[in-house]
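Any value given below was found using the heavy atoms of this structure, including those in side chains, with hydrogens, waters and symmetry copies removed. Within every chain, numbering begins at 1; the chains are lettered A, B, ... in the order of the sequence lines, protein sequences first and strands thereafter.
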There are 2 protein chains.
Amino acid sequence: MTGTAMDQATRPEAAIGKQARRSAEMRRRLCQAALDALCEVGYDSLTTPMIAARAGVSRGAQTHHFATKADMLVGVLEYLVQIWDEARLAAFGGKDLSDVPFDVYLRFAWREIFGKPSYIAALELMLAARVDKALGERLRQVLDSIVGDRNLRWRQLLRFPDVRREEQFQYMTLCLLRGMAIHASFNRGDDVNEAVLEAWIEIADKLIAMERPGAGAKSSRRARKPVPR
Amino acid sequence: MTGTAMDQATRPEAAIGKQARRSAEMRRRLCQAALDALCEVGYDSLTTPMIAARAGVSRGAQTHHFATKADMLVGVLEYLVQIWDEARLAAFGGKDLSDVPFDVYLRFAWREIFGKPSYIAALELMLAARVDKALGERLRQVLDSIVGDRNLRWRQLLRFPDVRREEQFQYMTLCLLRGMAIHASFNRGDDVNEAVLEAWIEIADKLIAMERPGAGAKSSRRARKPVPR
DNA sequence: AATAAAAAACAGACTGACCTGTTTTTATTT
DNA sequence: AAATAAAAACAGGTCAGTCTGTTTTTTATT
């Protein structure tokens with residue numbers, strides 16, 4: 001019906017016109033409401049009327065912007081990705097991550113992304129994608145669109161000579177963070193996650209030191225210039 | 001109404017009577033059907049009529065054994081835990097795990113438990129528990145009932161002098177496996193999990209060697225008697 | 001042991017509520 | 001005036017829980 005969700009949702013809201021701005025604002029409100037609802041009631045109980053009500057708009061307005069529920073869900077994930085981006089920019093700016101110690105970045109990732117309730121929403125979407133193949137394809141597309149940038153950031157962060165091992169390390173950390181998110185959700189009131197995070201940092205520091213070319217034991221915590229050149 | 005689910009589901013089906021056996025069989029069929037359905041259509045689309053239909057029983061029979069949907073879900077998790085137990089027994093018997101190398105156990109855990117589609121079902125239940133507090137309490141109770149045995153097994157497996165660090169290591173591995181399960185579900189057709197598993201084994205071996213008292217580099221892969229005594 | 005009473009297992013239908021997607025109407029912008 | 005945005009009502013379908021009735025098994029009684 002309308003253009004794809006991404007076209008409008010991610011388009012920088014420049015001076016395109018009044019209705020475009022109104023439209024973008026409405027989409028944002030709906031996505032925010034949907035995300036809140038998803039966090040609060042869970043994927044299973046999430047309904048389109050409820051999203052509209054929370055956004056304070058009619059169902060008609062909603063269906064105009066998001067024709068189907070799947071469209072709405074894709075919109076939510078795009079919105080989330082946007083939030084993550086903004087959080088990263090707020091923490092590190094657009095700067096090269098070569099100067100950021102691994103533990104600093106990891107703590108940021110847990111605190112601002114994986115440890116937040118909204119990440120559970122993302123997980124629920126991913127699990128829902130398992131059975132709804134069409135939705136899954138669209139969600140994967142959203143996440144794939146940032147995988148390139150993410151790899152680049154990790155490249156700056158770790159700078160393993162062996163890129164294959166670097167990727168392994170990256171995915172391992174990702175799996176760990178996701179697992180921690182689940183643990184935090186299910187066994188709440190449990191401080192084991194903090195300990196696990198610290199333990200992984202400890203291990204990671206050693207691993208990074210081992211993988212890097214001129215390795216000293218604590219090389220990862222004090223970063224130096226990106227490339228000696 | 002009837003006794004708790006566990007009483008009947010886990011009670012050894014000895015000569016208690018014809019009715020008890022029939023009941024246990026029916027519960028088993030329903031739980032198996034519910035698990036299958038959960039794996040196939042996902043938590044969101046799981047319905048009670050659909051479970052009954054798959055089990056080939058009437059809805060009346062179903063509601064007799066599981067009055068509410070939540071009862072049914074608790075039953076599924078109990079059933080799953082039972083399956084995991086059986087898989088472990090089939091692989092290692094009831095024997096002490098002190099002789100089992102870590103990598104063997106970890107590979108088993110991935111192959112027979114976390115890497116299976118049914119583990120996603122368990123994850124979906126855990127995520128559903130986030131919003132349904134009452135269900136969550138019951139599910140946690142089911143899983144808590146095995147946490148003692150699990151800790152014992154890991155104690156045999158790892159034998160860290162520092163139990164605190166051992167627990168850390170255990171939870172770290174658990175988080176990793178859960179994260180891998182999600183990755184396998186969402187990004188299927190991806191062999192990165194195997195690599196991550198191997199990488200973790202490699203790291204773990206070193207960690208185990210470091211934590212153990214008389215440590216040689218490869219001490220973890222060739223296990224020796226539980227306690228020198 | 002035989003029979004009557006009670007309890008448990010099973011079957012099928014019903015209901016009130018709610019959800020998704022669609023269609024029809026009204027308002028706002030260009 | 002034309003097109004887009006928003007509102008409101010509608011239609012078809014489904015689900016969870018409940019209820020009534022039937023069959024099978026167990027227990028109590030004589």
Side-chain angles (χ1 to χ4, degrees), chain A residues 1-3 5 7-9 11 13 15-30 33-34 37-38 41-75 128 132 134-135, chain B residues 1-5 7-9 11 13-31 33-34 37-38 41-76 128 132 134-135:
Chain A
M1 295 292 164
T2 74
D7 292 342
Q8 298 204 20
R11 176 164 50 178
E13 17 201 285
I16 317 173
K18 205 169 192 173
Q19 71 183 258
R21 207 159 6 212
R22 192 159 68 127
S23 184
E25 175 56 26
M26 180 61 92
R27 290 181 70 92
R28 182 173 202 83
R29 271 175 68 190
L30 281 166
L38 192 52
V41 307
Y43 184 88
D44 176 49
S45 304
L46 184 71
T47 69
T48 47
M50 155 185 209
I51 295 169
R54 275 169 178 259
V57 304
S58 72
R59 282 211 65 221
Q62 177 184 39
T63 58
H64 177 71
H65 290 285
F66 300 94
T68 74
K69 190 179 184 180
D71 289 337
M72 188 83 248
L73 295 173
V74 173
D132 190 336
L135 173 62
Chain B
M1 301 289 167
T2 76
T4 65
D7 291 341
Q8 299 205 16
R11 177 165 49 180
E13 15 201 288
I16 318 172
K18 204 169 192 173
Q19 191 171 131
R21 208 158 6 209
R22 193 158 66 129
S23 184
E25 173 57 28
M26 179 61 92
R27 289 179 71 92
R28 182 173 202 83
R29 270 174 68 188
L30 281 165
C31 287
L38 193 52
V41 308
Y43 183 88
D44 176 50
S45 304
L46 184 71
T47 70
T48 47
M50 154 187 214
I51 294 170
R54 276 170 179 256
V57 304
S58 72
R59 230 172 108 51
Q62 178 184 39
T63 57
H64 176 70
H65 289 283
F66 300 94
T68 73
K69 191 178 185 182
D71 290 337
M72 188 84 249
L73 295 174
V74 173
V76 168
D132 191 336
L135 175 62

Can you list, in residue-number order, the parts of residues 47-55 of chain B that come under 4.0 Å of DNA chain D, counting heavy atoms only? B:T47, B:T48, B:P49
Starting at CG of A:L30 and ending at P of D:dA6, how long is that distance when rounded to a whole Å? 9 Å
In whole angstrom, what separates B:E25's CD from C:dC10's C1'? 15 Å
Which dot-bracket string describes DNA chain D (Watson-Crick N1-N3 plus N6-O4 or O6-N4, or G-U N1-O2 and O6-N3, all under 3.5 Å; [ ] crossing; | other strand)? ||||||||||||||||||||||||||||||
A:F66 vs A:T48, side chain to side chain contact (heavy atoms under 4.5 Å, CB included): CA-CA, chis, key distance, verdict: CA-CA 10 Å; A:F66 300 94; A:T48 47; over 6 Å; no
Write down the distance between NZ (B:K69) and P (D:dT18), rounded to a whole number of angstrom. 15 Å
What residues, two or more places apart in sequence or in another chain, satisfy salt bridge (charged side-chain N to carboxylate O under 4.0 Å, His left out) together with A:R54? A:E40
Should A:D132 and A:L73 count as side-chain neighbours, where that means a heavy-atom distance under 4.5 Å? no
Between A:S58 and B:T63, whichever has its closest DNA chain D nucleotide further toward 5' is A:S58
Between C:dA13, C:dT22, D:dA5, spot the one nearest the side chain of B:R59, thanks. C:dA13
Side chain of A:H65: nearest nucleotide among D:dA5, D:dA7, C:dC10? D:dA5
Per atom distances to the A:T68 side chain, the nearest of C:dG21, C:dA11, D:dA5 is C:dG21
Closest-nucleotide 5' rank along DNA chain D - winner of B:L46 and B:R22: B:L46
